[in-house]
Amino acid sequence: MRSGETVRGLLSREREGGRVEVRGWVRTARHSKGVSFLEVSDGSCFAGLQVVAAPELANFEAVRGVKTGCAIVAGGELVRSQGKGQSFEVQADAIEIVGEVEDDYPLQKKRHSFEFLRTIAHLRPRTNTIGAVLRVRSAAAHAIHEFFQERGFLLLHSPIITASDAEGAGELFRVTTLDPSEPPRTEDGSVDSTRDFFGREAFLTVSGQLEAEIAASAFTDVYTFGPTFRAENSNTSRHLAEFWMVEPEMAFCDLEGDMDVAEAFLKHVFAAVLERCPDDMAFFAQRIDKTAIETLQHIVDTPFERVAYTEAVEILERSGRSFEFPVEWGLDFQSEHERFLAEEHYERPVVVTDYPASIKAFYMYANDDGKTVRAMDVLVPKVGELIGGSQREHRLDVLERRMAEAELDTDPYWWYLDLRRYGSTPHAGFGLGFERLVQFMTGMANIRDVIPFPRVPGAAEF
RNA sequence: UCCCCGGUAGCUCAGCUGGCAGAGCAAGCGGCUGUUAACCGCUGGGUCGUAGGUUCGAGUCCUACCCGGGGAGCCA
């Protein structure tokens with residue numbers, strides 16, 4: 001049952017001829033008295049393969065009952081198509097109806113709203129749009145591993161369950177095996193976490209960065225690519241409670257090296273997807289976002305601009321534009337500011353560096369000016385920030401001072417501080433939300449439609 | 001969490017200043033010899049999100065709640 005060729009393979013053949021077998025699900029069926037056309041998709045590519053059934057088939061009457069959603073295996077000669085719209089088709093000599101479809105199959109041969117498709121997440125991968133999204137997602141994931149592996153980065157499997165709260169920010173999901181109705185309690189009445197599964201409080205990870213820093217202190221260049229979790233009650237088209245993050249970390253590396261890698265990384269992933277998913281990208285350009293392909297190609301072809309935060313503030317102030325939110329040194333950029341810089345001022349991706357320390361995390365390397373840190377954000381046209389990264393503070397005394405200023409309890413970070421005691425090196429890394437990357441590549445408006453099974457506040461179906 | 005918009009057939013929607021519940025697609029049945037989201041004909045299909053209220057009469061007006069979408073904040 002596994003010997004068949006994919007639709008992708010059959011359609012990419014040089015020439016017709018030979019008996020082939022195609023297996024998949026019927027996208028649309030057109031029946032007339034003397035001939036039936038079944039368009040079969042197996043998910044291997046955007047296009048389906050047309051199967052032509054004639055009355056000579058032993059089960060022609062049954063084939064006439066095949067409709068959208070049926071699973072079939074069709075064998076026959078691969079021939080040049082007489083009709084328009086496809087190069088090859090299969091002139092069937094046998095069609096096995098493997099899985100029938102009940103009358104209430106919800107997918108139709110027409111456009112559905114994405115809201116509706118989310119309610120049938122078990123069937124929506126069979127649609128044009130979600131199918132193309134998930135192929136692009138897979139190709140992008142492959143390209144990400146390819147980029148780092150080719151450069152000798154070690155893949156680190158950072159833990160999903162952690163006891164530390166990276167950055168001290170973001171709401172955490174609690175991991176516990178205690179009975180919520182009757183947890184063990186200490187003498188003062190609070191929940192006794194020492195009797196929980198791990199003997200302490202535990203949470204789902206919000207970032208693999210700190211663990212990646214551990215690994216970079218042994219393997220030099222490492223990356224993580226895994227799920228992360230945020231229990232924020234934010235209900236937007238750009239947030240998920242469960243999402244995937246890419247986080248490289250490099251020892252003996254400063255912010256300039258970090259930016260070099262980030263730029264090469266984005267160019268590699270976009271170029272790979274454009275090359276390997278041309279039909280899917282053409283569909284996005286046609287139906288979702290007209291500029292989808294040219295936007296990615298532009299980023300591949302264009303060197304990124306680099307500008308310090310302080311200079312970027314001056315550019316915004318001199319622009320003469322009236323922004324909804326104020327521009328002032330010390331304030332973080334709003335989306336409108338980021339988009340102005342990337343879309344209108346530079347008309348290309350721009351990396352903004354050296355942000356005020358007050359708006360960035362405690363672990364970022366402090367500049368000598370006493371005001372800024374070695375942080376960088378990659379801003380791209382249309383969406384703004386795509387990557388956020390920094391050179392890390394590797395000087396123990398400075399790091400301890402910053403943690404004190406941030407009023408962080410240093411006890412849970414004893415191992416993180418140890419790294420600064422034993423062979424500390426300048427190092428840097430960045431983070432990228434994988435779903436936002438897929439959103440950017442495809443032009444999909446809602447992040448819930450670029451992950452197979454979205455988890456958001458109030459919804460974890462499927 | 002805050003602001004705005006919405007919820008009518010399986011899906012996408014129309015339904016006017018309150019007065020008999022509608023269309024297209026899908027489904028079922030029939031027709032059609034090369035279709036391209038095929039086409040043509042017929043048929044079935046409704047707790048108008050939920051609960052109250054106003055009214056002779058509510059899909060329509062009012063209140064609360066639930067769900068969905070867009071935006072904001074926060075972020076990736």
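Every chain is numbered from 1 and lettered A, B, ... according to where its sequence line falls, protein lines coming before strand lines. Predicted, not measured: the structure shown is a model, and the values here were computed from it.
- A:Q86 comes within 4.0 angstrom of a base, heavy atoms only.
- A:K33 has its NZ atom 22 Å from the P atom of B:rA38, to the nearest Å.
- With C1' as the reference atom, B:rC48 and B:rU8 are 4 Å apart, rounded to whole Å.
- Using a distance-only test at 3.5 Å, with no hydrogens or angles considered, a donor-acceptor pair links the side chain of A:K267 to the main chain of A:T302.
- The interatomic distance linking A:F114 (CZ) with B:rU12 (P) rounds to 12 Å, in whole Å.
- For B:rA9 and B:rG22, the P atoms lie 14 Å apart once the distance is rounded to whole Å.
- Put simply, A:K67 has a side-chain N or O that comes within less than 4.0 Å of OP1 or OP2 on B:rG28.
- In this structure, a donor-acceptor pair under 3.5 Å is present between the side chains of A:R30 and A:Q50.
- Within the shown strands, nothing qualifies as a pairing partner of B:rA26 under the Watson-Crick or G-U definition with both distances less than 3.5 Å.
- As rounded to the nearest Å, B:rC16 and B:rG49 have P atoms that lie 14 Å from one another.
- At the heavy-atom level, A:T228 lies nowhere under 4.0 Å from the strands shown.
- Heavy atoms of A:Q82 sit under 4.0 angstrom from at least one base atom.
- Between A:S237 and B:rG71, a side-chain N or O to OP1/OP2 separation shorter than 4.0 Å is present.
- Counting non-hydrogen atoms of other residues, nucleotides and ligands closer than 6.0 Å to NE2 of A:H145 gives a total above 12.
- OP1 or OP2 of B:rG73 sits under 4.0 Å from a side-chain N or O of A:Q334.
- Going from atom CD of A:E100 over to atom P of B:rA27 covers 14 Å, rounded to whole Å.
- Within the nucleic acid shown, A:R27 has no heavy atom closer than 4.0 Å to any nucleic acid atom.
- Counting only distance, with no hydrogens or angles, the side chain of A:D377 and the backbone of A:E385 share no donor-acceptor pair below 3.5 Å.
- Regarding A:L107, its CG atom lies at a distance of 16 Å from the P atom of B:rG10, rounded to whole Å.
- Base engagement by A:Q91 is indicated by at least one non-hydrogen atom pair under 4.0 Å involving a base atom.
- Note: A:F147 and A:H268 have tilted aromatic rings, judged against thresholds of 30 and 60 degrees for the angle between ring planes.
- Dashed line: the shortest gap from a side-chain N or O of A:K84 to OP1 or OP2 of B:rG34 is not under 4.0 Å.
- The aromatic rings of A:H337 and A:F333 sit perpendicular, their planes meeting at an angle over 60°, well past the 30° parallel limit.
- A distance of about 41 Å separates the P atoms of B:rC25 and B:rC65, rounded to the whole Å.
- At a cut-off of 3.5 angstrom, counting only N and O atoms as typed in the model, there is a donor on one side and an acceptor on the other between the side-chain of A:E89 and the base of B:rG34.
- Going from the P atom of B:rC62 to that of B:rA26 covers 37 Å, rounded to whole Å.
- Across all strands shown, B:rA9 forms no Watson-Crick or G-U wobble pair with both key distances under 3.5 Å.
- Between A:H394 and A:Y365, the ring-plane angle classifies as parallel under the 30° and 60° cut-offs.
- Look at CG on A:L123: it is 13 Å from C1' on B:rG10, rounded to the nearest Å.
- The shortest distance between the side-chain N/O atoms of A:R30 and the OP1/OP2 oxygens of B:rA38 is below 4.0 Å.
- No hydrogens or angles considered: nothing links the side chains of A:Y223 and A:E249 as a donor-acceptor pair under 3.5 Å.
- Contact annotation: A:S234 does not reach the phosphate of B:rC75 (side-chain N/O to OP1 or OP2, under 4.0 Å).
- Look at the P atom in both B:rG57 and B:rA23: the space between them is 29 Å, to the nearest Å.
- Per the geometry, NE2 belonging to A:H31 stands 17 Å off P belonging to B:rC40, to the nearest Å.
- Of the candidates B:rG69, B:rC74, B:rA26, B:rG69 carries the atom nearest the A:R118 side chain, counting heavy atoms from C-beta on.
- The base-pairing partner of B:rU1, taking Watson-Crick or G-U wobble contacts with both distances under 3.5 Å, is B:rA72.
- Checking B:rG34, B:rG28, B:rA38 against the side-chain heavy atoms of A:K109 singles out B:rA38 as nearest.
- At a threshold of 4.0 angstrom between heavy atoms, the contacts of A:H112 are confined to the sugar-phosphate backbone, with no base atom among them.
- Side-chain proximity of A:T236 to B:rG69, B:rA72, B:rA76: nearest is B:rA72.
- Under the Watson-Crick or G-U wobble criterion, with both distances below 3.5 Å, B:rC61 is paired with B:rG53.
- No contact: A:G85 has no heavy atom under 4.0 Å from any strand.
- Across all strands shown, B:rG46 remains unpaired; no Watson-Crick or G-U wobble contact has both distances below 3.5 Å.
- In this structure, the nucleotide among B:rC11, B:rU12, B:rU33 sitting nearest to the side chain of A:S32 is B:rU33.
- For A:N233 and A:P457, each mapped to the nucleotide of RNA chain B holding its nearest heavy atom, the one lying further toward the 5' end belongs to A:N233.
- Positionally, the nearest nucleotide of RNA chain B for A:F37 lies more toward the 5' end than for the other of A:F37 and A:T28.
- For A:N446 and B:rG70, the shortest distance from a side-chain N or O to OP1 or OP2 is below 4.0 Å.
- A:Q50 comes within 4.0 angstrom of a nucleotide base, judged by non-hydrogen atoms across all strands.
- For A:R448 and B:rG68, the shortest distance from a side-chain N or O to OP1 or OP2 is not below 4.0 Å.
- For the pair A:D377 CG and B:rA76 P, the interatomic distance rounds to 9 Å; values are reported in whole Å.
- Taking a pair to require two hydrogen-bonding distances under 3.5 Å in either a Watson-Crick or a G-U wobble arrangement, B:rG18 remains unpaired.
- Taking atom C1' on both B:rA64 and B:rA72, the two are 25 Å apart, rounded to the nearest angstrom.
- The aromatic rings of A:F462 and A:H122 sit parallel, their planes meeting at an angle under 30°, below the 60° perpendicular limit.
- The distance from atom CG of A:L240 to atom P of B:rC75 is 17 Å, rounded to the nearest whole Å.
- Going from the P atom of B:rU55 to that of B:rU60 covers 16 Å, rounded to whole Å.
- A:F116 comes within contact range of the sugar-phosphate backbone alone, with a heavy-atom separation under 4.0 Å but no base atom that close.
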